[in-house]
Protein chains: 2
Amino acid sequence: MQISSRFSVAVHVLTLLAAAVPGELLTSDRMAGSVNTNPVVIRRILGQLKQAGLVEVRAAAGGTYLRRDPATLTLLDVYRAVEAAEPQLFSIHEHPNPHCLVGRTIQAVLDSTLQRAQTALEQELAATTLAQVLAGVREPVS
Amino acid sequence: MQISSRFSVAVHVLTLLAAAVPGELLTSDRMAGSVNTNPVVIRRILGQLKQAGLVEVRAAAGGTYLRRDPATLTLLDVYRAVEAAEPQLFSIHEHPNPHCLVGRTIQAVLDSTLQRAQTALEQELAATTLAQVLAGVREPVS
DNA sequence: CTTATTGTAACAATGTTTGTTACAATTGGT
DNA sequence: ACCAATTGTAACAAACATTGTTACAATAAG
């Protein structure tokens, strides 16, 4: 199963915020216009980003601004903020037969192995900053 | 969203096959007993492993045996067999606003970045063989 | 030919995602 | 103090994937 587009939407939103004039606040309506979705979808994601301390949201006049330096905000921060409810990327079947050698031990073996794979992915996400994404957006592909 | 347990079940099943006496065939019923699920679930996964050339399934008397050397069969082979319908791990939102600089370019930027992350995960999966999993199952944790 | 087994369809239950409407709560500006 | 814009959140629907289940035709070993 694929990782939900919440993550890519969150990166999109943060890129908009990073591209904003310093001090400018963006509304969920405006960001929804760029992502092309419903403002409530944006607000739900903003709630998660806010909880993770990545953004500050002001009701009433204005909206949201970045709380972190794009140069040190990595895609791993975003991923963790948005997938906080599912810290384990891989799901492992729950009740293998304990009377079978394989059934008894497979969970532990898989758990350590798949954790290594997840860590490899996360390290790669940690290697990309929001500033780099913004630079990529601004540079034409040529 | 998590990667489905089809993958961990597939590894479990292949470990059972690798642990079998050479020439022994295992039925879906027997493997379902070890995984603790319904035999049809096992058969569905076996169908995918068969299509990928990892196992040979014989109707009637017997069942399934391994077609690949456990020493060279990696978890990436299993992952690809079972997730063949979803080659992209990350999903990216589909219709960002083309009139916005960020909306116009975010997909391409994310695509290359997330592809690198997926590749890192896959390399880690490729680094573990079925033989290593089997060894892990046999070695007590101590 | 018999019998065990696979392959597959069909269906239900569950859970997640995404989009939507609606509205109370908040707060900045006047 | 009030107004108006905006957020926060609940509630719901549609779509989809997963997992488990029953049922049965197709297959092939002995």
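Side chains are part of it too, since the values below use all heavy atoms of this structure and drop only hydrogens, waters and symmetry mates. Chain naming here is simple, since letters A, B, ... match the order of the sequence lines and numbering starts at 1 in each.
Expressed to the nearest 0.5 Å, how far CD of Gln132(B) lies from CG of Leu75(B) amounts to 8.5 Å. Separating the CD1 atom in Ile3(A) from the CG atom in Leu114(B) is a distance of 8.5 Å, to the nearest 0.5 Å. To the nearest 0.5 Å, the span separating OG1 on Thr119(A) from CG on Leu89(A) amounts to 10.0 Å. With rounding to the nearest 0.5 angstrom, the CD1 atom of Ile42(B) is 9.5 Å from the CG atom of Leu49(B). Note that the CG atom of Leu46(A) and the OG1 atom of Thr64(A) stand 4.5 Å from one another [nearest 0.5 Å]. Here Arg104(A) contributes atom CZ and His99(A) contributes atom NE2; the two are 8.5 Å apart, rounded to the nearest 0.5 Å.
Judged by distance alone, with hydrogens and angles left aside, the side-chain atoms of Ser4(A) form no donor-acceptor pair with the main-chain N or O of Met1(B) at under 3.5 Å. Asn36(B) contributes a side-chain N or O that, together with a main-chain N or O of His95(A), makes up a donor-acceptor pair within less than 3.5 Å. Checked by atom type and distance alone, the side chain of Gln51(A) never pairs as donor or acceptor with a backbone atom of Ala81(A) at under 3.5 Å.
Across every non-hydrogen atom of Ala10(B) and Val82(B), the tightest pair is CB-CG2, 3.8 Å.
In this structure, the side chain to side chain donor-acceptor pair (under 3.5 Å) partners of Glu24(B), at least two apart in sequence or on a different chain, are Arg30(B).
In this model, the phosphate group of dT17(C) is not approached by any side-chain N or O of Ser5(A) to a distance below 4.0 Å at OP1 or OP2.
A heavy atom lying under 4.0 Å from DNA chain D marks none of the residues of residues 10-35 of chain B. In the region residues 78-88 of chain A, proximity to DNA chain C at under 4.0 angstrom, judged on heavy atoms, holds for none of the residues. A heavy atom lying under 4.0 Å from DNA chain C marks the following residues of residues 38-47 of chain A, by number: Asn38(A), Val40(A), Val41(A), Arg44(A).
The side-chain contact (heavy atoms from CB on, under 4.5 Å) test with Leu130(A) is passed by exactly one of Leu73(A), Asp77(A), Leu54(A): Leu73(A).
Inter-axis angle, ends of the helix from dC1(C)-dG30(D) to dT30(C)-dA1(D), five pairs per end, rounded to 10 degrees: 30°.
Ring geometry for His93(A) against His12(B) counts as tilted: the plane angle lies between 30° and 60°, on a 0 to 90° scale.
Note on Thr37(A): only backbone sugar-phosphate atoms sit closer than 4.0 angstrom, heavy atoms only; bases stay farther off.
For the pair Gln2(B) CD and dT17(C) P, the computed distance is 10 Å after rounding to whole Å. Going from atom CZ of Arg58(A) over to atom C1' of dG29(C) covers 14 Å, rounded to whole Å. Summarising the geometry, the separation between CG on Asn36(A) and P on dT18(C) is reported as 14 Å, rounded to the nearest angstrom.
When DNA chain D is scanned 5' to 3' for any atom under 4.0 Å from a heavy atom of chain A, the first and last hits are dA5(D) to dT18(D).
Side-chain contact between Arg6(B) and Glu83(B): present, with at least one pair of heavy atoms (C-beta onward) separated by less than 4.5 Å.
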